[in-house]
Amino acid sequence: ATPTFAQVDALEPNDLPIQAAPISAPLFLSDLALAQTGGASGDVDRFALVLATGEQVAIRLLDPGSSSLDPLLLVADASGVVLASAEGDAGSRFPALFFTAPRAGTYQVIATGAGDATATGAHAQVGPYALALERIPEDPAEPNETRAQAHPRPALPFELRSRLDPRDVDWYAFPVAPGVTYAARIAAEAALRGRIRLAAFDANGGQLAVSTGGATRHAGLQFTAAGGALAYLAVTGVGDTAFAGQHDLSAPYALSCVE
């Protein structure tokens with residue numbers, strides 16, 4: 001007989017917080033599914049993930065191949081309060097999110113159907129999926145939250161990999177020459193595009209340029225150095241116009257700058 005999704009998913013039952021299946025990173029689990037429940041409510045899959053304070057993880061729901069599932073991905077704390085959520089976008093129905101633990105503890109990673117924002121099974125989605133989990137390395141440039149703490153880059157061109165955490169701003173300093181035009185950009189995963197803000201500043205803190213870029217574009221900018229031996233790049237979340245850390249974004253990124 002053809003197995004049902006419930007028979008394929010060996011981690012069932014994991015619908016309730018007390019039933020959450022323990023997981024740790026790095027991880028790839030295939031043969032998971034939101035199953036036929038036989039009742040009025042849809043299936044909810046919960047996983048228990050222990051994180052240290054400030055630990056950042058990438059969580060992805062993946063299509064194992066031609067799945068019709070339209071899933072919703074949630075992260076909740078031990079009391080069930082949803083702290084982060086992600087849906088698919090125009091490129092894929094399968095979501096990804098990046099989460100930084102505000103405190104040490106056990107968190108719930110929840111896969112459910114689209115529209116079920118409170119993870120009560122209020123959906124009719126059925127179908128297979130895979131779960132991938134990855135730890136994002138700590139930012140070696142920290143602390144660099146202010147211009148005075150800017151991480152020095154000794155020469156151009158440069159490219160680096162780093163990460164933003166909620167309320168975090170990353171500043172970088174590098175040498176420039178008057179009259180020379182420079183280009184900088186941030187590369188990020190599709191789920192993060194349009195959510196990262198980049199700006200360039202002169203040696204006195206005057207803003208020279210700010211990034212543009214929508215949900216399908218990288219954040220980038222160009223500026224011409226007017227004077228002084230140094231310029232600065234600052235990375236933050238969209239909406240933080242004052243570069244004061246007023247955002248809740250968790251985001252690994254790659255930053256590059258060239259003449």
Side-chain angles (χ1 to χ4, degrees), residues 54-56 58 84 86 89-91 96-100 102 134 136-259:
E55 195 166 6
Q56 188 179 114
D89 56 27
L97 64 76
F98 301 86
F99 177 73
T100 302
E134 175 189 3
I136 305 300
E138 293 185 3
D139 184 351
E142 293 287 353
N144 61 340
E145 278 76 21
T146 67
R147 187 164 59 90
Q149 297 174 313
H151 184 70
R153 305 301 302 180
L156 292 176
F158 71 77
E159 182 173 355
L160 59 87
R161 294 187 177 274
S162 190
R163 72 180 221 196
L164 272 182
D165 293 304
R167 296 170 296 283
D168 182 26
V169 181
D170 289 345
W171 285 81
Y172 303 93
F174 55 97
V176 293
V180 176
T181 298
Y182 301 86
R185 80 166 190 166
I186 284 183
E189 294 198 26
L192 297 169
R193 292 177 191 172
R195 302 179 63 194
I196 301 178
R197 182 178 176 88
L198 174 67
F201 297 84
D202 64 23
N204 298 314
Q207 186 170 294
L208 299 172
V210 66
S211 62
T212 59
T216 59
R217 296 178 57 196
H218 299 292
L221 58 80
Q222 289 188 337
F223 70 95
T224 301
L230 284 178
Y232 298 85
L233 291 174
V235 182
T236 189
V238 164
D240 183 23
T241 57
F243 288 83
Q246 297 175 346
H247 69 89
D248 60 0
L249 184 63
S250 297
Y253 64 87
L255 172 65
S256 61
C257 188
V258 298
E259 292 186 15

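Values below: every heavy atom of this structure, side chains too, minus hydrogens, waters and symmetry copies.
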Using a cut-off of 6.0 Å, state whether more than 12 heavy atoms not belonging to Gln207 lie near its atom CD. yes
Decide if atom CZ of Arg167 counts as having more than 12 heavy atoms of other residues, nucleotides or ligands within a radius under 6.0 Å.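 No, because the 6.0 Å sphere around CZ of Arg167 holds 12 heavy atoms or fewer from other groups.
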Between Arg163 and Asp165, is there a side-chain N and carboxylate O pair less than 4.0 Å apart? yes
For the backbone of [Y] and the side chain of [X], can you confirm whether one donor and one acceptor N or O come within less than 3.5 Å of each other?
X: Asp202; Y: Asn204; value: yes
X: Arg197; Y: Ala234; value: no
X: Glu189; Y: Ala251; value: no
X: Ser250; Y: Thr100; value: yes

If the condition is ring pair (Phe, Tyr, Trp, His ring centres under 6.0 Å), which residues does Tyr253 pass it with, not counting sequence neighbours?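 Tyr253 satisfies ring pair (Phe, Tyr, Trp, His ring centres under 6.0 Å) with no residue once adjacent residues are dropped.
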Please state whether the rings of Trp171 and Phe201 are parallel, tilted or perpendicular, taking 30° and 60° as the class boundaries. tilted
Taking C-beta and beyond as the side chain, do [X] and [Y] meet within less than 4.5 Å on heavy atoms?
X: Ser162; Y: Tyr172; result: yes
X: Cys257; Y: Leu156; result: yes
X: Asp170; Y: Asp168; result: yes

For the [atom1] atom of [X] and the [atom2] atom of [Y], what is their distance to the nearest 0.5 Å?
X: Leu233; Y: Phe158; atom1: CG; atom2: CZ; value: 5.0 Å
X: Arg153; Y: Glu159; atom1: CZ; atom2: CD; value: 10.0 Å
X: Leu255; Y: Ile186; atom1: CG; atom2: CD1; value: 5.5 Å
X: Leu221; Y: Leu198; atom1: CG; atom2: CG; value: 4.5 Å

Going by salt bridge (charged side-chain N to carboxylate O under 4.0 Å, His left out), name the pairs with one or both residues in residues 239-259, residues two or more places apart or in two chains.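 Checked against salt bridge (charged side-chain N to carboxylate O under 4.0 Å, His left out) - neighbours excluded - no pair reaches residues 239-259.
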At their closest point, which heavy atom of [X] faces which heavy atom of [Y], and how far apart are they?
X: Pro252; Y: Phe98; result: CD-CD2, 3.4 Å
X: His247; Y: Thr236; result: CD2-OG1, 3.2 Å
X: Pro178; Y: Ala226; result: CB-O, 4.0 Å
X: Tyr232; Y: Ala203; result: CE1-CA, 3.9 Å
X: Arg161; Y: Ala254; result: NH1-CB, 3.9 Å
X: Ala188; Y: Ile196; result: CB-CD1, 3.9 Å

Give the intermediate values and the outcome of side-chain contact (heavy atoms from CB on, under 4.5 Å) for residues Thr241 and Val210. CA-CA 10 Å; Thr241 57; Val210 66; over 6 Å; no
